[in-house]
Engineer: 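Please see the structure below; I have some questions.
Computed over heavy atoms, backbone and side chain alike; hydrogens, waters and symmetry mates excluded. For this chain, numbers begin at 1 and follow the sequence in order. Just so it is clear, the model here is predicted, and its values are computed rather than measured.
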Amino acid sequence: MSILVGKNTRLLVQGITSRQGAFYTQRMLNYGTRVVAGVTPGCGGQQIHGVPVYDIVTRAIAETGANASIVFAPASYATEAILEATDAGLPLIICVTEGIPQKDMVVVLNYTTVRGTRLIGPNCPGIITPQACLAGVFPGNIFSSGPVGLVSRSDTLTYEVASMLTQKGIGQSTCVGVGSDPLIGTRFADVLTLFANDPETEAVVLLGGIGGSDEEAAAAYIQQLEKPVIAFISGRTSPGHEDEVAAKTAALNAAGV
């Protein structure tokens with residue numbers, strides 16, 4: 001079992017005709033992800049790596065049965081892309097795009113929350129369920145299937161920890177990069193809840209960092225979580241953040257991490 005994405009995910013790529021969108025579409029296809037459609041306004045009728053491109057999300061869903069979206073649209077168009085996918089009724093949207101203005105994210109988060117759409121990101125590496133579905137920019141070869149859930153704010157630290165786990169013979173159930181921006185759609189506590197309800201996730205690794213209070217919120221939830229959690233807070237040597245890191249670490253330790 002997995003959380004958020006798996007073998008039944010039918011992925012729609014918004015911004016598929018961009019350089020980044022086309023490149024990572026090929027990587028996701030190579031991994032075995034069911035990328036069924038792409039959307040770029042004005043480019044309908046094309047194909048990218050054999051994937052049909054549509055002008056609008058609703059038509060792409062109607063013709064391909066897409067049930068999740070990943071956004072590679074530039075920052076100036078990403079907000080509109082997320083809102084369009086939300087209006088189309090997609091339950092899961094993953095936004096890789098970085099540089100979206102915070103004032104725009106306030107609108108996006110209010111809208112997705114009201115509509116009941118789960119947003120991962122923005123400015124995130126996506127989600128991977130090893131050997132089932134890669135929806136993002138993760139290097140798939142470093143992941144392996146197993147019982148450890150991984151949730152992180154840091155892209156590169158996620159890669160390092162996943163690689164270390166795999167080398168030690170410890171596989172992962174699902175890895176979620178929530179994004180490092182101040183305003184994101186899904187936070188640590190949200191992902192921990194999903195892992196808590198996944199019978200095949202036996203333990204969780206949480207990779208936090210400086211800024212915000214998500215780690216403290218996660219610590220409050222972990223107190224009622226019956227699965228073991230291992231956490232690491234990056235930025236310990238960042239000047240001026242020593243007290244913040246200490247406070248986050250103390251909160252997690254108090255929760256039994």
Side-chain angles (χ1 to χ4, degrees), residues 1-41 43-74 77-78 80-98 108 112 115-141 143 145 155 158 172-179 184-186 191 194:
M1 195 171 175
S2 60
I3 66 169
L4 298 174
V5 299
K7 292 184 178 180
N8 293 325
T9 298
R10 299 177 62 83
L11 192 63
L12 162 69
V13 181
Q14 293 178 265
I16 192 172
T17 57
S18 67
R19 179 182 300 179
Q20 188 183 39
F23 176 80
Y24 285 109
T25 293
Q26 181 70 81
R27 284 183 53 172
M28 291 186 290
L29 287 167
N30 290 344
Y31 193 78
T33 301
R34 299 172 73 184
V35 181
V36 298
V39 169
T40 299
C43 295
Q46 298 183 25
Q47 287 196 350
I48 300 294
H49 306 305
V51 177
V53 180
Y54 298 85
D55 291 314
I56 58 175
V57 171
T58 51
R59 183 175 178 186
I61 294 173
E63 295 195 8
T64 68
N67 56 19
S69 169
I70 184 165
V71 178
F72 286 102
Y77 298 103
E80 183 178 348
I82 296 171
L83 296 179
E84 182 187 3
T86 303
D87 275 338
L90 286 175
L92 174 66
I93 303 171
I94 302 158
C95 185
V96 176
T97 306
E98 60 180 323
V108 166
T112 54
R115 295 299 185 99
T117 295
R118 180 178 296 281
L119 174 65
I120 306 294
N123 192 17
C124 77
I127 312 169
I128 181 170
T129 294
Q131 300 180 16
C133 180
L134 165 60
V137 302
F138 290 114
N141 62 299
F143 295 86
S145 183
D155 298 8
T158 304
Q172 306 90 50
S173 55
T174 300
C175 299
V176 183
V178 296
I184 55 176
T186 299
V191 179
L194 296 174

Engineer: For a side-chain contact (heavy atoms from CB on, under 4.5 Å) check, start with the C-alpha distance between Arg115 and Asp87, then their side-chain angles and the critical distance, and finish with the verdict.
Structural biologist: CA-CA 8 Å; Arg115 295 299 185 99; Asp87 275 338; 3.2 Å; yes
Engineer: With a 4.5 Å limit on heavy-atom distance, are the side chains of Leu90 and Thr117 in contact?
Structural biologist: no
Engineer: Without swapping roles, check the side chain of Asn67 against the backbone of Asn8 for a donor-acceptor pair under 3.5 Å.
Structural biologist: yes
Engineer: When you check the side-chain N and O atoms of Thr129 and Thr174, is any donor under 3.5 Å from an acceptor?
Structural biologist: yes
Engineer: So do Val35 and Ile70 actually touch side chain to side chain, heavy atoms under 4.5 Å?
Structural biologist: no
Engineer: With side-chain contact (heavy atoms from CB on, under 4.5 Å) as the test, would you mind laying out the steps for Leu11 and Val5 before giving the verdict?
Structural biologist: CA-CA 9 Å; Leu11 192 63; Val5 299; over 6 Å; no
Engineer: Do you know which two heavy atoms are closest between Ser18 and Gly15, and how far apart they sit?
Structural biologist: OG-O, 2.8 Å
Engineer: State, yes or no, whether a side-chain contact exists between Thr40 and Tyr77 at a heavy-atom distance under 4.5 Å.
Structural biologist: no
Engineer: Do the side chain of Ser69 and the main chain of Ile93 share a donor and acceptor less than 3.5 angstrom apart?
Structural biologist: no
Engineer: Check Pro139 against Arg27 and note the closest heavy-atom contact, atom names and distance.
Structural biologist: CA-NH2, 3.2 Å
Engineer: Would you confirm whether Tyr54, through its side chain, and Pro41, through its main-chain N or O, come within 3.5 Å as a donor-acceptor pair?
Structural biologist: no
Engineer: Between Cys175 and Phe138, what is the shortest heavy-atom contact and its length?
Structural biologist: O-CE1, 4.0 Å
Engineer: How would you list, by chain and number, every residue that makes a side chain to side chain donor-acceptor pair (under 3.5 Å) with Asp155, sequence neighbours excluded?
Structural biologist: none
Engineer: Is there side-chain contact between Val96 and Tyr24, with at least one heavy-atom pair below 4.5 Å?
Structural biologist: no
Engineer: Are the side chains of Cys95 and Ile82 in touch, meaning some heavy atoms are under 4.5 Å apart?
Structural biologist: yes
Engineer: Residues two or more places apart in sequence or in another chain: which of them pass salt bridge (Lys or Arg N to Asp or Glu O under 4.0 Å) with Asp55?
Structural biologist: none
Engineer: So, Arg10 side chain and Thr64 main chain: donor-acceptor pair closer than 3.5 Å or not?
Structural biologist: yes
Engineer: Looking only at heavy atoms, which two atoms of Ala60 and Val39 are closest? And how far apart?
Structural biologist: CB-CG2, 3.9 Å
Engineer: State, to 0.1 Å, how close Ile120 and Val178 come at their nearest heavy-atom pair, and which atoms those are.
Structural biologist: CG2-CA, 4.5 Å
Engineer: Please give me the minimum heavy-atom distance between Gly177 and Cys124, naming the atom from each residue.
Structural biologist: O-CB, 3.2 Å
Engineer: Counting C-beta onward and ignoring hydrogens, is there a side-chain heavy-atom pair between Thr33 and Thr9 closer than 4.5 Å?
Structural biologist: no
Engineer: Measuring only between side-chain heavy atoms, which start at C-beta, is His49 closer than 4.5 Å to Val13?
Structural biologist: no
